[in-house]
Amino acid sequence: MDLGLTGKVAVVTGGSVGIGLAVARGLAAEGVHLALCARDAARLEGVAEAIRAEFGVRVLPVPADVGVAADIDRMVAAVQAEFGGADILFNNAGTGSEETVLDAPDEKWQQYWDLHVMAAVRLSRALAPLMMERGGGVILNNASICASQPLGYEPIYNVTKAALVMFSKCLANELIPHGIRVNALNPGLVRTPDWEKTARILTEGKAQTWEAYLQNIADENAPIGRFARPEEIADFAVFLCSPRASYSVGSTYYVDGGWLRVTT
Ligand code: NDP
């Protein structure tokens, strides 16, 4: 299937590893030029160079913390200077949390609100007008299955991801008259280096291997019995970013190996 993405420009936050990197690579394979952001500048530069070399697209690495408004302004200015705007925005940067509601201070709630919600609000507000000038665009917000099926140890993560899904719906209604399609993605278990690192730490010096630890989590949660590879999320995301998904507007798509226990 020709996805019709050649020559488009995509902004991918958290594009240096995991799901964001897989989506960046998937878009690059379709001939999409990229602006990637993450905080670790050295890792980001390395990824940008590797994608340029493999796919022959332009890649602009912008070291930035998307939880900081000034960094977003700098990022948007860099995108405008390099590409004149963007056609696709994949709001992906994020991370898990661990707390109880009774113990977590305001500062922690604010930090995750800025990272998971305000980053998407600010980037959408800045890039949507530039998309309109180009005749339309796509915004895809990477939330989580935890937006509707919470994990007990991370209430702040669950709440802020739920807010991101509702933001997607509101934004979709506001922007579709301007030819911009907005959707949300709710992945389940995705085997990223971070999960592997956590598994190694938690099994160090124990009889259980880190691989067995991850398998156990998959067996307990996902009917499919395994984690997703980041590329399995990326294939779906790239399709949603393409004009072949032209009637997909304001929806939330679960890619979770059957983990969601209810119908939606
Ligand atoms: P990773 O930890 O593998 O990668 C996160 C990426 O985001 C990195 O590029 C990281 O780079 C960047 N990042 C993190 N914080 C910031 C920040 N403040 N500003 C800019 N960039 C940042 O994450 P995953 O690929 O696992 O997850 C990606 C998204 O998918 C997250 O939003 C996560 O909540 C969601 N998700 C993940 C699931 C999973 O099982 N892996 C399941 C469901 C949803 P750097 O550290 O250099 O900033």
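Each ligand, and each atom within it, is numbered from 1 in the order the structure gives.
At a heavy-atom distance under 4.0 Å, no atom of A119 approaches ligand 1. Counting heavy atoms closer than 4.0 Å to ligand 1, residue H116 contributes nothing at all. Heavy atoms of T192 found under 4.0 angstrom from ligand 1 belong exclusively to the side chain. Contact annotation: for L21 versus ligand 1, there are no heavy atoms closer than 4.0 Å. Using a 4.0 Å cut-off between heavy atoms, R191 makes no contact with ligand 1 at all. Here F227 has no heavy atoms under 4.0 Å from ligand 1, in either its backbone or its side chain. For A64, every heavy-atom contact with ligand 1 shorter than 4.0 Å involves the backbone, none the side chain.
Of all the listed residues (V190, I72, V62), V190 holds the heavy atom that lies closest to atom 39 (C) of ligand 1. For atom 35 (C) of ligand 1, the nearest non-hydrogen atom from the set A143, S144, P187 comes from A143.
Under the salt bridge (charged side-chain N to carboxylate O under 4.0 Å, His left out) criterion, R191 pairs with E196, sequence neighbours left out. Considering only residues two or more places apart in sequence or on other chains, D65 meets the side-chain contact (heavy atoms from CB on, under 4.5 Å) condition with R39, V68, D71.
Counting only heavy atoms of the protein, atom 42 (C) of ligand 1 lies nearest to G188 O, 2.8 Å. Scanning the protein for heavy atoms near atom 37 (C) of ligand 1, the closest one is I19 CD1, 3.7 Å. For atom 7 (O) of ligand 1, the closest non-hydrogen atom of the protein is G14 CA, 3.2 Å. Protein heavy atom in closest approach to atom 1 (P) of ligand 1: V17 CG1, 4.0 Å. Here the protein heavy atom with the shortest distance to atom 16 (C) of ligand 1 is R39 NE, 3.4 Å. In terms of protein heavy-atom proximity, atom 28 (C) of ligand 1 is closest to N92 OD1, 3.2 Å. Of the protein's non-hydrogen atoms, Y157 OH, 2.6 Å is the one closest to atom 34 (O) of ligand 1. Remark: minimum distance from atom 5 (C) of ligand 1 to any protein heavy atom is reached at G94 O, 4.1 Å.
Contact annotation: the side chain of V255 approaches that of L185 to within less than 4.5 Å [non-hydrogen atoms, C-beta and beyond]. Counting heavy atoms from C-beta on, the side chains of N91 and I139 come closer than 4.5 Å. Between E154 and C146, the closest side-chain pair of non-hydrogen atoms falls below 4.5 Å. Between L5 and V238, the closest side-chain pair of non-hydrogen atoms falls below 4.5 Å. In this structure, the side chains of L89 and M131 come closer than 4.5 Å at one or more pairs of heavy atoms.
Note on ring orientation: taking the six-membered ring where Trp is involved, the planes of W195 and F227 are perpendicular (angle over 60°, cut-offs 30° and 60°).
No hydrogens or angles considered: nothing links the side chains of N183 and S248 as a donor-acceptor pair under 3.5 Å.
Taking the charged nitrogens against the carboxylate oxygens, R25 and E231 have no contact shorter than 4.0 Å, which rules out a salt bridge.
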